[in-house]
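Quick note on labels: first sequence line is chain A, next is B, and so on, each numbered from 1. These numbers come from the heavy atoms of this one structure, side chains and all, not from hydrogens, waters or symmetry mates.
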Amino acid sequence: MDLQADLKAAIQQAIHTLYNTSVDDVTLQPTKKEFEGTYTYVFFPLVKSLRKSPAEIGQALGNWLQSNAPVVRSFNVAQGFLNISVSDAAYIQALNGILAQPDFGVTPNNGQSVMVEFSSPNTNKPLHLGHLRNNFLGDSISRILAANGFAVTKACLVNDRGIHICKSMLAYQKFGRQEDGTFETPESAGLKGDHLIGKYYVLFDKAYKAEVKQLVDEGMAQDVAEKKAPLMQQAQAMLLKWEQGDAETVALWQQMNTWVYAGFADTYNNIGVSFDKTYYESNTYLLGKDVVEEGLASGVFYQKEDKSVWIDLTDEGLDQKLVLRGDGTSVYITQDLGTTDLKFSDFHSDRSIWVVGNEQDYHFKVLFAIMKRLGRPYAAGCYHLSYGMVDLPSGKMKSREGTVVDADDLVNEVTNVAAAAADAAAKGKLDEFTGAEKQELFHMIGLGALKYYLLKVDPQKRMLFNPEESVDVHGHTGPFIQYAHARIRSVLRKAQESGLVFDAPADESVELHETEQELIVLLGQYPKRVKEAGDNFAPSSIAQYVYDLAKAYNRLFAELSILSEPDPVKTQLRLTLSAQVAETIRKGMGLLGIGVPDKM
RNA sequence: GGUCCCAUAGCUCAGCUGGAUAGAGCAUCUUCCUUCUAAGAAGGCGGUCAUUGGUUCGAAUCCAAUUGGGAUCACCA
C-alpha cells in the first residue's frame with residue numbers, strides 16, 4: 001500500500017539475499033527529473049563494504065528487485081544510484097490505499113497532551129502585523145500537533161497590567177474629555193475598543209516626549225528627564241494605586257480593558273483564531289514567589305546581602321540571573337516561574353509550547369534551565385517556538401514611530417484586494433453568489449493570501465513583509481492553492497451531474513501518465529510531511545507541500561482531460577485522484593488555518 | 001566584550017536526518033483559452049550556495065575560523 005515502505009522492505013531483502021548483510025536504514029529519495037525512475041536508492045555505502053564495483057552491485061540489486069518485487073517495473077543504474085521505476089499497478093494500489101483511509105495523515109490520539117501558548121497581547125494597543133505572524137503560527141502549530149495525535153490546549157496569556165496600560169489610562173483621563181464634557185467611548189469615537197485605547201497610548205507617548213524634550217532643553221540629562229517627566233511619574237503613581245486596589249483606578253482599568261477585549265474578540269474572530277484558555281497577568285503577576293522560596297530552600301537559588309534572589313547559570317553558558325528583587329517584588333521571570341507551574345497544574349500537559357519572538361530566546365533558555373534545576377518533571381517537555389521579526393520594506397516596525405501595520409487594517413486591505421482580483425478574474429463564475437457569499441469568499445481568499453504569506457517562511461527566520469506580495473494571488477501564494485482546489489471541485493461537480501463517482505477504487509490495469517504518477521507519490525507523502533511539521537514545529541513545511549501538490553495538479557489539469565477522456569477507466573482514475581488531491585489540499589490548508597473555496 | 005540566530009538567482013524564499021547538472025515565485029522575454037475554472041500551463045534568461053580551511057567516495061547541508069546583518073546579556077515585559 002505504501003509505496004516507499006514496500007520498496008524499502010524489498011531492498012533490504014535484496015541486500016540480505018544477495019550479500020548476506022543487512023542495512024538498517026534504507027533511505028529513498030525521489031528520482032531527479034533528468035533520470036528515469038520514481039525513487040532512487042543511493043547505495044554508495046555498500047560499495048565500500050562489499051568491495052565490488054557500483055555497476056555490479058546496482059545491476060544485481062536491480063535484477064533481483066525486478067524479478068522478485070512486484071512493485072518494481074524497471075530500473076537503471078548510474079554510478080552509485082539505483083533508479084527504480086514503480087509499476088503502474090503499484091501506484092494505483094497506493095492511491096486506492098489512500099482512498100480507503102478517510103483519516104489519511106491524521107494520527108489517532110497518542111495519549112499525550114500539549115499546551116500551546118500564543119498571541120499574548122498587551123491591552124494598551126491593537127494587534128499588529130507582528131502579532132499576526134505569532135497568531136498564525138500558534139494557531140497552525142496547534143492544528144498540526146492535533147493532527148499528530150496530541151490533545152491540544154490553546155492558551156493565551158493577556159498582559160493586562162503594568163506601566164504601559166497605566167500610560168493609556170492616564171492619557172485617557174487627561175485628554176479623553178469631549179466637547180460636551182463627557183469622556184470618549186468606542187461608540188462616541190466610532191472606534192473599536194482596542195483602537196481607542198491605542199490612540200491614547202500614542203497620545204501619552206507624544207505628550208511624554210514633549211515633556212522630556214522640554215526638560216532636556218532646560219539642561220537636564222536625557223535619562224534623568226525620562227524618569228522625571230511628570231507624565232511618567234504620574235503613570236507610575238497610577239500603577240502603584242492600581243496595585244493597592246484603589247477603587248477608582250481599578251474601575252477605569254476595568255472599563256478600558258473591557259473595551260479592548262471587545263476589540264480583540266472582533267479581530268480574533270475575523271482572523272479565525274480562538275483559545276481554549278485565557279490567563280490574565282493581573283491574576284498571575286504575583287505568582288512565583290513561592291517558587292522562589294522553594295528554590296532558596298533547596299539551594300537552587302541564593303540570596304545576596306540586599307535580599308535579592310539569584311540563580312547562577314554560568315556553568316550552562318548563561319549568566320547569573322535575578323529572580324526576585326531585593327524589595328521582594330517580582331521581575332518578569334518570577335511571574336513566568338509561577339505561571340508555568342500554574343499552567344501545568346491546571347492541565348497536566350505533557351508538553352508546553354510558547355510561541356514567542358526570538359528576542360526572548362535568552363529568557364526561555366533561563367526559564368527552562370531553572371525549571372530543570374527545580375526538578376520540575378515537565379521541564380523536558382517545554383519548548384520555545386521562536387520566530388523572527390517581520391520587517392517592512394521601509395525597515396523595522398516601531399510602534400512608537402507609528403510604522404506598525406495594524407492587523408485590522410491589513411485584513412480589510414487584503415479582503416479588498418481579493419475582491420478586486422476576483423472581479424477581474426471571475427468571468428461569471430460567481431454570478432449566483434449573494435452579496436454575503438461573495439464577501440465571505442473574498443475574506444477567505446484575502447486572509448488565505450495573508451496567512452499563507454506569513455506561514456510559508458521558516459518561523460526561525462526574520463522575514464520581509466512586502467505589502468504587494470502579501471496580497472498577490474498568482475504564483476507561490478495561498479490563492480493559487482485555493483484556486484487549484486476550486487478547479488477540482490468544479491470538475492467533480494460536473495462529474496456528479498453526469499452520474500460519475502469519484503470515491504471508488506481505481507482499476508489497477510490503467511496505464512498512467514507521468515503527472516498522475518507524480519501526484520500519487522505526492523499524496524503518499526502527506527502523512528510523513530504532517531509528522532515532520534509536528535516534530536519540527538514547522539507550518540512552513542506543510543505550506544510548501546500543499547503548494548507542490550497544487551502545482552503538480554495544475555500540470556495534470558493542463559495536460560490531460562478528465563471528463564472528455566475517451567477511456568472511461570481513465571476518467572474514473574482521474575476523478576478518484578482529483579478528489580483525493582482536493583481533499584489533501586483542503587486538509588493541508590486546514591492545518592495552516594486557511595479555508596479553501598469550491599468556487600472562485 | 002560574552003552568548004544565540006541569520007547569509008542560496010536582480011528581489012522574496014524552498015532545499016528533510018550529507019547524494020547525481022542547487023529548485024520555486026516575483027520581475028523580464030516567448031508560446032498556449034470555439035475543449036473540464038488562463039487566479040492556469042510550457043519554455044528562455046538568471047548562481048563562485050558570504051569567504052577560507054577541515055571531515056569523506058560525495059558538502060548549500062556537518063565542524064572550525066573569518067566577514068557582514070540581527071537579537072540578547074536590565075532590579076523592563
Side-chain angles (χ1 to χ4, degrees), chain A residues 25 27 29 31-35 40 42 44-45 47-48 54 78-81 83 120 122 159 162-164 281 285 306 308 310 317-327 329-333 335-336 357-363 365-366 386 388-389 391 393 396 418 421-422 424-429 445 453 456-458 460-466 468-469 472-477 479-484 486-495 528-529 532 535-536 538 540-541 543-544 547-548 550-551 554-565 571 574 578 599-600:
Chain A
D25 189 31
T27 51
Q29 50 185 302
T31 302
K32 291 254 175 191
K33 287 195 197 79
E34 311 88 86
F35 298 90
T40 296
V42 184
F44 272 110
V47 174
K48 212 175 184 183
Q79 299 167 49
F81 301 92
N83 300 320
S120 306
N122 289 348
N159 185 1
I163 189 72
H164 47 286
E281 220 177 276
Y285 81 106
D306 65 356
S308 61
W310 297 72
L318 303 168
D319 306 274
Q320 301 201 357
K321 183 82 185 168
L322 177 95
V323 294
L324 193 69
R325 293 192 185 102
D327 63 5
T329 57
S330 298
V331 288
Y332 179 40
I333 201 146
Q335 295 178 44
D336 253 9
N358 64 7
E359 70 273 13
Q360 294 197 34
D361 285 354
Y362 182 77
H363 171 77
K365 275 188 187 171
V366 170
S386 166
M389 225 171 264
D391 288 325
K396 230 168 154 175
K427 295 176 189 144
K429 282 178 271 179
I445 296 170
Y453 183 78
K456 73 175 175 184
V457 181
D458 180 357
Q460 189 184 11
K461 291 188 179 169
R462 201 185 169 95
M463 68 175 289
L464 183 76
F465 183 84
N466 181 320
E468 284 149 36
E469 285 177 16
D472 200 353
V473 298
H474 304 280
H476 189 183
T477 66
F480 171 96
I481 301 164
Q482 291 172 321
Y483 181 67
R487 292 170 111 185
I488 299 175
R489 296 304 308 172
S490 172
V491 173
L492 297 181
R493 268 196 306 277
K494 294 207 161 89
K528 191 180 124 210
R529 299 297 287 264
E532 273 173 13
D535 290 347
N536 304 325
S540 57
S541 95
Q544 188 69 38
Y547 173 70
D548 290 341
K551 192 169 168 53
N554 281 340
R555 205 149 41 227
L556 177 144
F557 194 86
E559 288 186 29
L560 303 175
S561 15
I562 300 170
L563 296 175
S564 43
E565 159 64 42
T571 296
R574 286 172 197 164
S578 298
K599 292 182 183 175
M600 71 184 274

Contact class for A/Y362 (heavy atom, under 4.0 Å): base, sugar-phosphate, or nothing? sugar-phosphate
Could you spell out the base pairing of RNA chain B as a dot-bracket line? Use Watson-Crick and G-U wobble contacts where both distances are under 3.5 Å, [ ] for crossing pairs, | for partners on a different strand. (((((((..((((.....[...)))).(((((.......))))).....(((((..]....))))))))))))....
For A/D336, answer base if it contacts any base atom (sugar-phosphate contacts may also be present), sugar-phosphate if it contacts only those atoms, and nothing otherwise; contact means non-hydrogen atoms under 4.0 Å. nothing
Would the distance check show the side chain of A/S308 and the main-chain N or O of A/L324 forming a donor-acceptor pair, the cut-off being under 3.5 Å? no
Could you give the distance separating B/rA38 and B/rA22 at their C1' atoms, to the nearest angstrom? 30 Å
If you round to the nearest 0.5 Å, how far is CD of A/E565 from CZ of A/R574? 4.5 Å
Between A/D472 and A/T477, do the side chains contain an N or O donor and an N or O acceptor separated by less than 3.5 Å? no
Nearest 0.5 Å, what's the CD-CG distance between A/E532 and A/N536? 6.5 Å
Rounding to 0.5 Å, atoms CD1 (A/I333) and NZ (A/K321) come to a distance of 5.5 Å
Nucleotide nearest A/E532 (side chain, heavy atoms from C-beta), chosen from B/rU12, B/rC16, B/rA14: B/rC16
Is a donor-acceptor pair below 3.5 Å formed from side chain A/S541 to base B/rA14, judging by atom type as modelled? no
Is A/F35 stacked on the base of B/rA20, meaning ring centres closer than 5.5 Å and planes within 30 degrees of each other? yes
Does the side chain of A/F480 reach to within under 4.5 Å of the side chain of A/H476, using non-hydrogen atoms? no
Rounded to whole angstrom, note down the C1' distance from B/rA14 over to B/rG25. 10 Å
Separation between the C1' atoms of B/rA59 and B/rG46, rounded to whole Å: 24 Å
Nucleotide by nucleotide, 5' to 3', does protein get under 4.0 Å of the base (B), only the sugar-phosphate (S), or neither (-) in nucleotides 35-43 of chain B, counting heavy atoms? -BBSBSSS-
Please measure how far the P atom in B/rC49 lies from the corresponding atom in B/rU21, and state the result in whole Å. 14 Å
Could you give the distance separating B/rA74 and B/rG19 at their C1' atoms, to the nearest angstrom? 49 Å
How long is the straight-line distance from CZ of A/R487 back to CG of A/L492, given to the nearest 0.5 Å? 13.0 Å
B/rA60 versus B/rU51 - spacing of their C1' atoms, nearest Å: 14 Å
Show me the protein contacts with nucleotides 74-77 of chain B, counting only N or O atoms at under 3.5 Å.
unit_1	atom_1	unit_2	atom_2	d
B/rC75	O3'	A/R325	NE	3.4
B/rC75	N4	A/D306	OD2	2.4
B/rC76	OP2	A/R325	NE	3.4
B/rC76	OP2	A/R325	NH2	2.5
B/rA77	OP2	A/Y332	N	3.0
B/rA77	O3'	A/E281	OE2	3.1
B/rA77	O2'	A/N159	ND2	3.1

Base, sugar-phosphate or nothing for A/V42? Non-hydrogen atoms, less than 4.0 Å. base
Taking B/rC36 as the reference, what is the distance to B/rA27 when you measure between their C1' atoms (whole Å, please)? 32 Å
I want to verify a distance call: between B/rA20, B/rC6, B/rG70, whose nearest atom is closest to the A/K461 side chain? B/rC6
Sticking with atom C1', work out how far B/rA7 lies from B/rG47, rounded to a whole angstrom. 15 Å
Rounded to whole Å, how long is the line connecting atom CG of A/D458 with atom C1' of B/rU8? 14 Å
Evaluate the side-chain proximity of A/K32 to A/T40: yes if any heavy-atom separation is below 4.5 Å, no if none is. no
Is it the case that A/Y483 and A/N554 place a side-chain donor and acceptor less than 3.5 Å from each other? no
Please check if atom CD in A/E359 has more than 12 non-hydrogen atoms from other residues, nucleotides or ligands closer than 6.0 Å. yes
Per the glycosidic torsion and the 90° limit around 0, nucleotide B/rC33 is syn
Compare every heavy atom of A/F35 with every heavy atom of A/N83, then report the nearest pair and how far apart it is. ND2-CB, 3.8 Å
For A/T477, which contact category applies under a 4.0 Å heavy-atom criterion: base, sugar-phosphate, or nothing? nothing
Taking C-beta and beyond as the side chain, do A/V42 and A/T27 meet within less than 4.5 Å on heavy atoms? no
